[in-house]
Amino acid sequence: MATILYRIGRWAFRRRRLVTGLWLSALALAGIAAAVAPAGQEEDLSMPGTESQKAFDLLDERFPRSNSQGAEARLVFRAPDGQRVTAGANKAAVEDALGSLDGGGRSASATDPYRSGAVSEDGTIAYSTVSYTVSAADLTESDRSALQDAAERAREAGLTVETGGSALDSEEEPGGTTEIIGVAVAAVVLVVALGSLAAAGLSLLTAFIGVAIAFGLVSALAVPLGLSSTVAILALMLGLAVGIDYALFITSRFREERARGAEPEEAAGRAVGTAGSAVVFAGATVFIALAGLGVVGIPELTRMGLGGAGAVALAALVALTLVPALFGFFGHRVLPRAVRRALRPGSGRHPVPGAAGRPGLGTRWARFVLRRPVAVLVVAGLGPGAVALPVLSLELGLPGDESKSVRTTERRAYDLLSEGFGPGFNGPLTVVVDTPDPQDTRATTDRVVKTLRAVDGVASVGDPVLSESADTAVLTAVPRTAPNSDATKDLVHTIRGAVSGVGSGGDARVLVTGTTALNIDISEAMADALLPYLAVVIGLAVLLLLVVFRSVLVPVKAALGFRLSVGAAFGVLVAVFRWGWAADLIGIEQTGPVMSLMPILIIGIVFGLAMDYEVFLLSRMREAHAHGASPGEAIVNGFRHSGRVVAAAAIIMISVFAGFIGMSSPTIQTMGVGLAAAVLFDAFVVRMAIVPAVLALLGERAWWLPRILNRVLPNVDVEGEALSRPAPAAAGGPDASAGRRLPVGLG
């Protein structure tokens, strides 16, 4: 692989105008496609195969009109203190506000709260449901303005009015203050790590081009593939983070090769052949892990995985082709000042000794670990282990309006409805009765209603509605407890058990669904899939690392370290989102279950990122060991060449992920916190401390491989060992350096 990538790097350097032109053309086409494509629609989560999803599908079939995809809004009115919303003036204000919506925008109807029974028992709170003929994505600003104007009319009359519902849903837009700060921190780290504004700018530029293309493609394919704004933001988050890191890896190796005296084209080829091999491997692992999310069976999770995988693949392609192409345009400006001075005309082009002067921080840290491996291993292992303890309290759920800030009208509308109609009103359960004989539908439904009213925890049961064919009935059961509470989860299971035998005599089906029930089903499915998916990912990591490093113990050590990183990340999620630790600091005002999709999504992402740092750090160690260095010398060599770059790459990735914590979407906030914490522990605790400590204790055994595996396993040559031999002839003409031999250990 190293030889192929070496040729790609040299070709991209020589054909830099062509390569750059192709990428800029791709950027323009992606931008145009995104601009002309219709806006995507925020789709509800679904989980094929669950009882709740089967019921939803049945409702779509039997009640097609009532299950249209039109958006809904809910106007919630509260009378002034000491008054009733049914009083003459207040009632007139409500009717006037709702009357202003008649024929306005694309509203199909607005229910009358006084006729539909949508007034609280104490008469202080009422609500109206406004239905639209189009989805939330197709609503215009004038449609939403009409809704706001109606609410304002009632406010002017002295009422408290808040608005909720899907009509208020809007796509999360990136580009907030926290994201800008995250990118700014990444830029500063690049400048410090590379010591060159040009080199830092090159890494940022290529990352921005790759992520802009990915974002444009996701936006353009939003409608045909059903991609939500969350998919686009995940692609942006991952593409930006790995794009900067991949460019940093290759740029660092290019500068190193130039410092050793290699010609620019030769240095570009060797940078792509060595560091590029780690990029290919890391990109492939995260791609496989994210694409593999499709096996869980949740369409939205599948789309998120494929969107993120596509962004990572684009970032890797940009790093392997555009980065070496830009080396030709930037020239000496990407090099450190000392190297630029050495390469000036008349200087003799003497290589700059990499080992001259005081040892760097990476070298000093590696030697410290070699002196005290047991102490470092114990301390580094106990830290993440302690942080992971909250994972024992991990509870999964799906956030709704209750998780939003109290500054939003959606959250205030949620609270008003809970106050007026009970906490379970915001999460009603839908019970579907399906009978093969329409003559039995009414009798079976009456038995179901009687059974539901006898279940402890059910606040009320609505009147059933029959389908046109009279073979299906649907009714609503309102819990006494909030949607995300444990009591509601238990109630759903209790109801399903209670109604399971009601229609057994006539082969009727009784299904419990609704958003609350579906969320519970999805959360339980995610919890059941978590350990199997983790086992698959860890098994994949062991196999891949076995092939890459041709060692048995290194992959086992990496898998155990990966589990430690993931456990610590989950512990942070529970502490922040469940227990509320530091919640105010990041703007979380309501704690609750961890979003059910996050653990599996974080496992898939962190797996690739962990392998990224593992390969980049250990490939230099194995390279040195393969050329005769002792195990201890190999560890020091790996940290001397890669420690600073891995640390900088980790800080950059943490900054980018943390920059998305300030977004209002609970999904994006959870991803930002979880990924930032996972990278922090994986890079600075596992890879920087536990890895060298374990390798120091294992010594030569770390690189042991049974003879039979040595014969069977393919040699992928991630370290670029083949480039230590006479370099392959470059296509397109002779090169003065093509036949020279590199010094030992520089491959």
Side-chain angles (χ1 to χ4, degrees), residues 193-195 248-249 252-253 255-257 259-260 270-271 274-275 277-278 336 338-339 351-381 545 548-551 553-555 557-558 561 610-651 682-704 718-721 723-724 742-747:
L194 297 174
L248 172 62
F249 291 159
S252 298
R253 190 61 186 248
R255 287 151 51 97
E256 185 179 325
E257 295 295 336
R260 288 170 174 156
R270 292 186 177 275
T274 52
S277 297
V339 178
V352 178
R358 187 168 176 260
L361 180 60
T363 300
R364 297 198 301 274
W365 169 251
R367 291 172 178 169
F368 172 82
V369 174
L370 287 174
R371 290 194 300 269
R372 300 175 179 84
V374 175
V376 171
L377 184 60
V378 170
V379 173
L545 290 177
V548 170
F549 292 119
R550 309 184 71 78
S551 163
L553 296 179
V554 166
K557 176 268 307 170
M611 296 305 101
D612 188 351
Y613 299 137
E614 180 84 4
V615 171
F616 198 75
L617 189 61
L618 263 71
S619 61
R620 299 305 293 264
M621 297 181 188
R622 185 181 182 279
E623 180 182 336
H625 184 263
H627 287 85
S630 67
E633 292 171 344
I635 294 172
V636 173
N637 184 78
F639 272 86
R640 177 187 300 122
H641 292 291
S642 302
R644 179 185 179 93
V645 177
V646 169
I651 295 174
D682 191 82
F684 291 104
V685 179
V686 174
R687 308 303 155 192
M688 292 290 188
I690 294 179
V691 166
V694 171
L695 292 178
L697 292 173
L698 291 175
E700 290 287 350
R701 290 169 293 181
W703 308 106
W704 171 75
V718 170
E719 304 88 354
E721 188 176 348
L723 301 183
S724 297
L742 279 183
V744 170
L746 298 187

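The structure presented is a predicted model; accordingly, all values stated were derived computationally and were not measured.
Residue pairs meeting the salt bridge (Lys or Arg N to Asp or Glu O under 4.0 Å) criterion with at least one partner in residues 625-637, sequence neighbours excluded, do not occur; the list is empty. Listed by first and then second residue, the side-chain hydrogen bond (donor to acceptor under 3.5 Å, both in side chains) pairs that reach into residues 694-704 are H625-E700, sequence neighbours excluded. Residue pairs meeting the side-chain hydrogen bond (donor to acceptor under 3.5 Å, both in side chains) criterion with at least one member in residues 367-379: none, sequence neighbours excluded.
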Exercise for review: Begin from the C-alpha positions of L617 and F639 and carry the test side-chain contact (heavy atoms from CB on, under 4.5 Å) through to its verdict.
Suggested key: CA-CA 7 Å; L617 189 61; F639 272 86; 4.1 Å; yes

Point to revise | E256/V645 under side-chain contact (heavy atoms from CB on, under 4.5 Å): CA gap, chis, key distance, verdict | key: CA-CA 12 Å; E256 185 179 325; V645 177; over 6 Å; no

**Study point:** Test log, rule side-chain contact (heavy atoms from CB on, under 4.5 Å), inputs L370 and V636
**Key:** CA-CA 9 Å; L370 287 174; V636 173; 3.6 Å; yes

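Note that CZ of F249 and OG of S642 are 8.5 Å apart. Values are rounded to the nearest 0.5 Å. In this structure, L698 CG and K557 NZ are separated by 9.0 Å, a value rounded to the nearest 0.5 Å.
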Side-chain polar contacts of residues 682-697 - donor-acceptor pairs under 3.5 angstrom, sequence neighbours left out - could you list them?
residue : atom : partner : partner atom : Å
D682    : OD1  : S565    : OG           : 2.8
D682    : OD1  : R687    : NE           : 3.4
D682    : OD1  : R687    : NH2          : 2.9
D682    : OD2  : R687    : NE           : 3.0
R687    : NH1  : E614    : OE1          : 2.4

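When all heavy atoms of R270 and R253 are compared, the pair lying nearest together is O-CG, 4.4 Å. When every heavy atom of F616 is checked against every heavy atom of A275, the shortest pair comes out as CE1-CB, 3.9 Å. Nearest heavy atoms, A702 versus V554: O-CG2, 3.4 Å.
Evaluation of the side-chain contact (heavy atoms from CB on, under 4.5 Å) rule for R644 yields no partner, not counting sequence neighbours. R550 pairs by the side-chain hydrogen bond (donor to acceptor under 3.5 Å, both in side chains) definition with N710, not counting sequence neighbours.
Using a distance-only test at 3.5 Å, with no hydrogens or angles considered, a donor-acceptor pair links the side chain of R255 to the main chain of L194.
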